[in-house]
Number of protein chains: 2
Amino acid sequence: MTTDDTPTRAVAVLVVIFTVESGKLRVLLIRRSAEPFKDAWSLPGGLLQEGDSLLDAATRRLDVETGVSDVFLEQLYTFSGLGDRDSVDVAYWALVDGGSARLARRDEWQPAWSNVGDLPDLAFRNRDVVEYALGRLKNKLAYSNVAYSLLPREFTLSQLQQAYEAILATTLDKRNFRKRILTLGILEETGATAGEGRHRPAKLYRFRERRPVMF
Amino acid sequence: MTTDDTPTRAVAVLVVIFTVESGKLRVLLIRRSAEPFKDAWSLPGGLLQEGDSLLDAATRRLDVETGVSDVFLEQLYTFSGLGDRDSVDVAYWALVDGGSARLARRDEWQPAWSNVGDLPDLAFRNRDVVEYALGRLKNKLAYSNVAYSLLPREFTLSQLQQAYEAILATTLDKRNFRKRILTLGILEETGATAGEGRHRPAKLYRFRERRPVMF
DNA sequence: CCAAAAGTGTTGGCTGTACACCCATGT
DNA sequence: ACATGGGTGTACAGCCAACACTTTTGG
């Protein structure tokens, strides 16, 4: 068996990184500094280096762009023919807490948050990728605790509800939301209250599990 | 920009092909004729050839092994490090009607149906791949019409129920099953009845849509 | 005392599940 | 006549959606 007769492909890893900030759902985009699509916005990504696993590559990319790790990160879909060449692109998606993310600062490929639903033109078919990820997110919100990855360790039920509303792009009834979430048994009270409010203090909660759990 | 500095990988496509036959859920396996894992069972697959899209490759593989096309075929997951080398393996899964499948006959790599839940030892980590596909199938059965791809064009409600039972590995209540399926509105009566039975003739139904629809 | 957000229950409709008997056909 | 699978309805429970007012705090 020779090594030359096995066809190979350039394999790239993309990451769709969502966060919720001031009641808006956002995605991390970078500005391309190279052709093709120079100066266009696109999703962060890069070629799969020799010896890397896909998850390694996605984890590293997420860390490089936002400085966070230990967050929800899951494979999304694998595209062929997304880029200009006949590369294979493995997309991942992640949820990060806007508060703990520290965007990379570099001269080129500057990352920035962009409101979903108000996206600029994106390179390649990256808009489809974001739409697909958004669908997955909405779905997963309904039957898992992924929201743990969008909020700080301790949070109020109102914050949690705002995150849900931003993602689903709807308003939710407060009483029904609280009842539903609390009866799931995935939260616990910390005992403390959020003091910084200029109004009535709110109970703080945290997720029992800081890793994905399906209901 | 040189072409040599971009690292590339061998990309393979695998297909998990399910069918239901005589009340059992089965998967298509082939016997390997080459090292490594010579003579072990494994999922059908092959390297992604130059110019092929992933879906092309999966479609062709499915056709080669079973002779069917126009069936449910969907991407499952992309693994790295599944094989012995550092290849990237894109898994697909499919549902075929056992009656219309005609297994390939060749001297090597003979394909054969194997009962899920009674699998032989599989090469690489193919057992995990089958398990993952099975989970997806069970799930999708609950909120889509994918079963259209497991049955002939016209079928009785009992056949449909048997398919569901085989997949979910449970028994279902006949009245509840019929009510649930019929109120979904995804079936229509053909007007004909199944005459070949040696008992009471059964109404024949068909799926309104022969392509995936989510509820 | 006013503004702002937190917190809290009840009702009605719908959906899913449990459950048993008669019917049509072939032998 | 009997064996085999086809076909049918009801009642209860759990879940989800609609809906409004009181409380606590800071200014």
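Values in this document were obtained by computation on a predicted structure and should not be read as measured data. Residue numbers start from 1 in every chain, and the chains themselves are labelled A, B, ... in the order their sequence lines are given, proteins ahead of strands.
Nucleotide D:dG5 holds its C1' atom 16 Å from the CG atom of B:Leu160, rounded to whole Å. Straight-line distance from the CG atom of B:Leu168 to the C1' atom of C:dT17: 16 Å, rounded to whole Å. In this structure, the CG atom of B:Leu184 is 12 Å from the C1' atom of C:dG16, given to the nearest Å. Put simply, CG on A:Asp173 is 17 Å from P on C:dT11, counting in whole angstrom units. As rounded to whole Å, 15 Å separates atom C1' of D:dC19 from atom CG of A:Leu172. To the nearest angstrom, C1' of D:dT8 lies 17 Å from CZ of B:Arg180. Taking atom CD on B:Glu189 and atom C1' on D:dG7, their separation rounds to 12 Å, with Å as the unit. Protein atom CG of A:Leu182 is 14 Å distant from nucleotide atom C1' of C:dG9, rounded to whole Å.
Partners of A:Arg180 by salt bridge (charged side-chain N to carboxylate O under 4.0 Å, His left out), not counting sequence neighbours: none found. Among residues two or more places apart in sequence or in another chain, the salt bridge (charged side-chain N to carboxylate O under 4.0 Å, His left out) test is passed with A:Arg210 by none. Remark: B:Arg26 engages B:Thr19, B:Glu21, B:Ser22, B:Lys24, B:Trp113, B:Asn115 in a side chain to side chain contact (heavy atoms under 4.5 Å, CB included) (not counting sequence neighbours).
Checking side-chain atoms of B:Thr78 against main-chain N and O of B:Asp89 turns up no donor-acceptor pair under 3.5 Å.
Helix bend of the helix from C:dC1-D:dG27 to C:dT27-D:dA1: the angle between its two end axes, each built from five pairs, comes to 10° after rounding to 10°.
Counting heavy atoms from C-beta outward, A:Asp97 and A:Leu151 have side chains that stay 4.5 Å or more apart. A:Val20 has its side chain out of reach of A:Leu95: every pair of non-hydrogen atoms, C-beta onward, lies at least 4.5 Å apart.
The existence of a salt bridge linking B:Asp128 and B:Arg125 is confirmed by a sub-4.0 Å separation between a basic side-chain nitrogen and an acidic carboxylate oxygen. Classification of B:Arg206 and B:Glu189 as a salt-bridged pair fails, no side-chain N sitting under 4.0 Å from a carboxylate O.
Other residues, nucleotides and ligands place more than 12 heavy atoms under 6.0 Å from the CZ atom of B:Arg106.
Aromatic ring centres of A:Tyr205 and A:Phe155: separated by at least 6.0 Å. The aromatic ring centres of B:Phe72 and B:Trp93 sit less than 6.0 Å apart.
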Write down the protein N/O and nucleotide N/O pairs, taken from nucleotides 10-14 of chain D, whose separation is under 3.5 Å; answer none if there are no such pairs.
from	atom 1	to	atom 2	distance (Å)
D:dT10	O4	B:Lys179	NZ	3.0

Can you pull every protein N or O that's under 3.5 Å from an N or O on nucleotides 5-7 of chain C?
from	atom 1	to	atom 2	distance (Å)
C:dA6	OP1	A:Ser158	OG	2.7
C:dA6	OP2	A:Ser158	OG	2.9
C:dA6	N7	A:Lys174	NZ	3.3
C:dA6	N3	A:Arg200	NH1	2.9
C:dG7	OP1	A:Lys203	N	2.8
C:dG7	OP2	A:Arg178	NH2	2.5
C:dG7	O5'	A:Arg178	NH2	3.4
C:dG7	N7	A:Lys174	NZ	2.8
C:dG7	O6	A:Lys174	NZ	3.2

